[in-house]
Structure formats: structure tokens, C-alpha cells
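For this chain, numbers begin at 1 and follow the sequence in order.
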Amino acid sequence: MVLDINLRLDRIKKLLHLLGDPQNKLKIIHVAGTNGKGSVCNMLASILVAQGFKTGLYSSPEVVNFRDRIQINFKMIKKKKYTEYSKICLESAKILRSFGTCVTEFEFITAVAFKYFFDEKVNFVVLETGLGGRLDATNVFKKSLVSIITSISLDHTKILGNTLEKIAREKSGIIKKNCPTIIYPLQSESVFNILYEKAKRLNSKVYLPNMSRLCLKNSSLYKGSEFKYENLDIKLPLLGEHQIYNLATALCAIEVLRKNFKISDFAIKEGLHKVNLRARFEVISLNPTIILDGAHNPSGAYTLKKCIKKYLPDKQLFGIVGMMKDKDVFKVFEILLSLFSKIITVEPKNKSNRALSLEEITKISKKFVENTESEENLEIALYKLITESEKIKNSAIIIFGSLYLAKEFLSIFSD
């Protein structure tokens with residue numbers, strides 16, 4: 001296996017064929033986009049589980065444990081099972097390697113997921129793309145129950161393209177012939193036109209979330225968000241204005257699924273109430289106030305900025321930030337760092353060596369926040385800021401910049 005990103009579908013198709021093509025025997029809800037994929041996937045999976053369906057969830061990157069990428073009914077694949085299926089897939093990967101085909105790590109994990117879900121006889125698979133769509137390793141099956149395109153913005157521009165239109169074309173690759181497509185309601189006109197035209201060519205009926213059916217009633221750090229969806233009162237333990245649109249997208253998908261599957265109002269309410277998504281403006285503590293967020297691209301930074309202004313309007317902010325070097329670090333800092341009185345930079349732990357070096361991220365941060373320090377140890381960085389914030393009555397600490405940093409934080413500080 002190789003760790004590098006190398007977008008092609010021939011390798012994983014060969015690997016899955018040796019495994020019996022399990023991906024073509026599953027009922028799949030496929031989700032692509034730049035931001036919001038994790039929220040929409042978790043909402044959908046939670047509703048389906050609440051209805052009593054055995055539901056597979058495949059997502060990346062993990063935020064707590066590597067095996068969290070592959071879940072059934074929100075229980076990650078057991079270590080013994082992961083080892084078992086890794087061995088099965090490795091035997092097939094060795095055969096391919098003997099003929100000169102070497103699969104990537106993501107392709108291998110994706111194959112493990114498909115094989116595991118098939119053998120476990122799941123009713124549905126909620127499948128999040130890794131990167132892009134057209135050539136993403138998840139995009140190897142013939143039909144989907146529904147394809148969902150969430151918010152599209154600039155990210156992975158060196159791989160997917162440096163314009164929204166180029167990225168939209170890549171994401172539109174998950175649209176399947178004669179299978180319905182749902183498009184997030186806040187796309188730019190040019191992006192929407194690209195997605196709509198692709199769907200039209202493939203005879204894929206397009207559904208747009210009806211925002212008039214959904215109303216935000218209340219939202220706070222203490223209670224999460226409360227919505228009215230027609231005659232349903234919905235509680236969602238996620239924060240931020242953007243979650244209104246993610247929720248509308250997920251509910252639109254549920255309405256499409258309801259044409260062929262029984263999904264009750266109770267399952268919608270119960271499922272959404274139980275959504276548990278880490279590192280999306282997640283309140284870790286209220287005393288002191290500590291927020292964990294995976295914002296790592298400009299769109300995510302704007303979303304985080306809106307959340308800060310809404311939920312922490314009068315607080316003095318301290319930040320811990322670490323980012324990957326393939327991200328638009330300067331733009332993210334330009335959007336966010338003026339809100340902070342102090343920043344401590346760290347270098348996220350990442351086995352593929354994608355993390356931006358401590359020296360470089362500190363240099364960039366100081367362009368925006370003079371009071372920037374660097375710290376090699378995340379635990380010490382947090383201890384420093386907690387100690388400092390205790391001296392200030394109205395303050396908050398925000399950890400952001402990468403889901404890899406969020407994973408490191410949770411591995412240290414979660415119970």
C-alpha cells in the first residue's frame with residue numbers, strides 16, 4: 001500500500017472485484033461536498049438507526065479512533081474484525097501487487113468497509129467521499145439510492161482544481177444514471193448549473209431542500225439547536241447557522257427515501273436528537289469555555305467566525321491552532337485570527353507528514369496576531385491557556401485548524 005493521494009478508480013475496482021464486488025450489492029446513500037458532509041452523513045445515519053435499520057457509516061478522517069471510519073449503528077468496527085478483514089483484503093492486494101498494481105491506503109480501507117458492510121448484511125450504507133467525487137475511491141458502485149452534494153467551496157485546489165466550477169465538476173462525479181440527486185441549497189449559481197446539467201444528462205431527478213419547511217427556533221451553547229420542521233419539534237445537538245442548511249439537506253434525503261422505505265416522524269425526531277458529531281463547534285467545557293472545531297479551509301473558517309460571533313460575542317478569545325500544509329493557511333488566518341488576543345501554534349501529529357511545521361505556522365500567525373507563541377506539546381499549550389483564561393472572567397479557548405488536531409486533542413482529554 002502507498003500513503004500518497006493518487007486519484008484513479010482502476011486499482012480499487014480490481015481489488016473489489018477480487019472480493020466479489022460487495023459495493024454493488026449494498027443500498028448506498030453517497031455524500032460528496034467540501035463542507036457539511038460529516039454533519040449530513042451523521043444526521044442521516046442517526047435517523048435510519050432510530051427507525052431500526054442496520055446502518056453502515058463510512059467517513060474520514062477519523063476524529064477519535066482510526067476504526068471510527070467504519071461503523072455499524074454508530075459502533076466502530078471491532079479491532080478483531082478490522083484485523084480479520086484487513087487480512088482478507090491484504091491477500092487480494094498482494095495478488096494485485098504481483099501484477100504491478102499497488103493500492104493506496106484509502107482504497108484499502110474503503111475496500112475493507114465495503115466487504116465488512118456486505119458480510120454484516122447492513123440495510124443501508126451512508127457513504128462519505130474522501131476527496132472529490134469523480135475519482136474518489138468510494139465512487140465505484142453502479143447505483144445509489146440517492147446522491148447528495150453538500151456545500152462546495154475551495155479546498156484541495158491542487159488536486160481538484162482552483163475554481164468552484166472545476167471542483168463542482170469533480171464532486172458531480174458521484175451523480176448516477178437514473179438515481180436521484182439532492183443539492184445543498186446555498187450553492188453559487190455556476191456550481192448549481194454544473195450539478196444540475198450533469199444530473200440532467202444522466203436522467204437523475206434533482207431535489208432541492210425546501211427551506212420554508214424548516215425554522216430555527218432557538219440555539220445556545222447550553223441546549224444546542226431547536227427547529228420546527230412542519231409539525232415536528234426537532235432538537236439537534238449541533239450549533240451554527242450552517243446546520244440549518246445541512247439539516248434541510250438531510251431531511252430532503254429522508255423525504256426521497258420515504259418514497260420506498262418506512263421512516264417515521266418519531267425516527268426523525270429521535271435520530272436527530274441523538275446525533276453525536278465531534279469537532280464541529282463542539283462545546284468541550286463551559287467552565288472554562290473550551291470549543292473544539294475542525295475548521296481547516298476558508299469556508300470552514302467563515303463558518304467558525306459566524307459561530308464565534310453568535311455564541312461568544314463578548315468573550316476574549318485564546319486560540320490553539322495547527323494545520324496541514326496543503327491548506328490555504330494564510331486565508332484561514334486572515335478570516336479568523338483578528339478575533340483572538342493570543343494564539344498558540346502547534347504541529348498536528350499526522351503519519352503522512354502533511355502537517356505544517358511549527359516554525360512555518362508560527363511565522364504566518366505572527367503576521368496576524370503579534371501575541372503568538374509556539375508549543376510542541378498540545379497538552380502544555382492547553383494548560384497555558386487555561387491558566388491564563390482563569391485570570392480573565394469572560395474568556396474562551398478555541399482549538400481549530402484540522403481534524404487531525406481535533407483527534408489529538410480528544411485522545412488526550414476525552415474521558
Worked verdict on I29 versus L257 for side chain to side chain contact (heavy atoms under 4.5 Å, CB included): CA-CA 10 Å; I29 299 158; L257 293 173; 3.7 Å; yes
Might you work through the side chain to side chain contact (heavy atoms under 4.5 Å, CB included) test for F333 and V369, ending with a clear yes or no? CA-CA 9 Å; F333 283 8; V369 180; over 6 Å; no
Show your working on side chain to side chain contact (heavy atoms under 4.5 Å, CB included) between Y311 and V283 and close with a plain yes or no. CA-CA 11 Å; Y311 300 108; V283 181; over 6 Å; no
Worked verdict on I47 versus F53 for side chain to side chain contact (heavy atoms under 4.5 Å, CB included): CA-CA 9 Å; I47 291 169; F53 292 117; over 6 Å; no
Going through the checks in order, is the side chain to side chain donor-acceptor pair (under 3.5 Å) test met by N218 and K235? CA-CA 10 Å; N218 186 40; K235 291 184 178 180; over 6 Å; no
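The main-chain N or O of K54 is never found under 3.5 Å from a side-chain atom of K121 such that the two would form a donor-acceptor pair. Between the side chain of R213 and the main chain of E230, no donor-acceptor pair closer than 3.5 Å is present. Judged by distance alone, the side chain of D293 and the main-chain N or O of R280 form no donor-acceptor pair under 3.5 Å. A donor-acceptor contact shorter than 3.5 Å is absent between the side chain of S46 and the backbone of M43. With K115 contributing its side chain and A111 its backbone, the two residues share no donor-acceptor pair below 3.5 Å. Although no hydrogens or angles enter the test, the distance criterion places a donor-acceptor pair under 3.5 Å between the side chain of S147 and the main chain of I174. No donor-acceptor pair under 3.5 Å is formed between the side chain of N139 and the backbone N or O of L135. No donor-acceptor pair closer than 3.5 Å links the side chain of N42 to the backbone N or O of V275. Not one N or O on the side chain of S172 forms a donor-acceptor pair closer than 3.5 Å with the backbone of L195. The main-chain N or O of L358 is found under 3.5 Å from a side-chain atom of T362 such that the two form a donor-acceptor pair.
You'll find the side chain of S374 stays beyond 4.5 Å of the side chain of I344, heavy atoms only. Side-chain contact between H242 and S39: absent, with no pair of heavy atoms (C-beta onward) separated by less than 4.5 Å.
Of all heavy-atom pairs between L238 and S225, the closest is O-OG, 2.6 Å. Minimum interatomic distance between E347 and S357 (heavy atoms only, all atoms of both residues): OE1-CA, 3.5 Å. Of all heavy-atom pairs between L15 and E107, the closest is CD2-O, 4.4 Å. Of all non-hydrogen atoms in Q71 and D68, the two that sit nearest each other are NE2-O, 2.9 Å. The two atoms that bring K143 and K177 nearest to each other are NZ-O, 3.9 Å, heavy atoms only. In plain terms, the two heavy atoms of S365 and T372 that are nearest each other are OG-OG1, 2.9 Å.
Donor-acceptor pairing under 3.5 Å is recorded for the side chains of S264 and Q51.
For the pair D265 and R258, the salt-bridge criterion is met [side-chain N within less than 4.0 Å of a carboxylate O]. A salt bridge links K342 with E373: the closest approach of a Lys/Arg side-chain nitrogen to an acidic carboxylate oxygen falls below 4.0 angstrom. Using a 4.0 Å cut-off between charged side-chain N and carboxylate O, K25 and D21 make no salt bridge.
A centroid separation of 6.0 Å or more is found between the aromatic rings of F117 and Y58. Aromatic ring centroids of F368 and F330 lie under 6.0 Å apart.
When each of T163, I183, I152, I149 is checked for a side chain to side chain contact (heavy atoms under 4.5 Å, CB included) with V191, only I152 meets the rule. Of the candidates S395, S389, S341, S341 is the only one forming a side-chain hydrogen bond (donor to acceptor under 3.5 Å, both in side chains) with Q316.
Taking CG of D136 as the reference point, atom CZ of R8 lies at 15.0 Å (rounded to 0.5 Å).
Residues forming a side chain to side chain donor-acceptor pair (under 3.5 Å) with H30 (at least two apart in sequence, or on another chain): T138.
Applying the side chain to side chain donor-acceptor pair (under 3.5 Å) test to pairs two or more places apart or on separate chains, those with a residue in residues 123-134 are R134-E170. Counting only residues at least two apart or on different chains, the side chain to side chain donor-acceptor pair (under 3.5 Å) pairs with a member in residues 201-211 are N178-N203, T181-S204, N210-S212.
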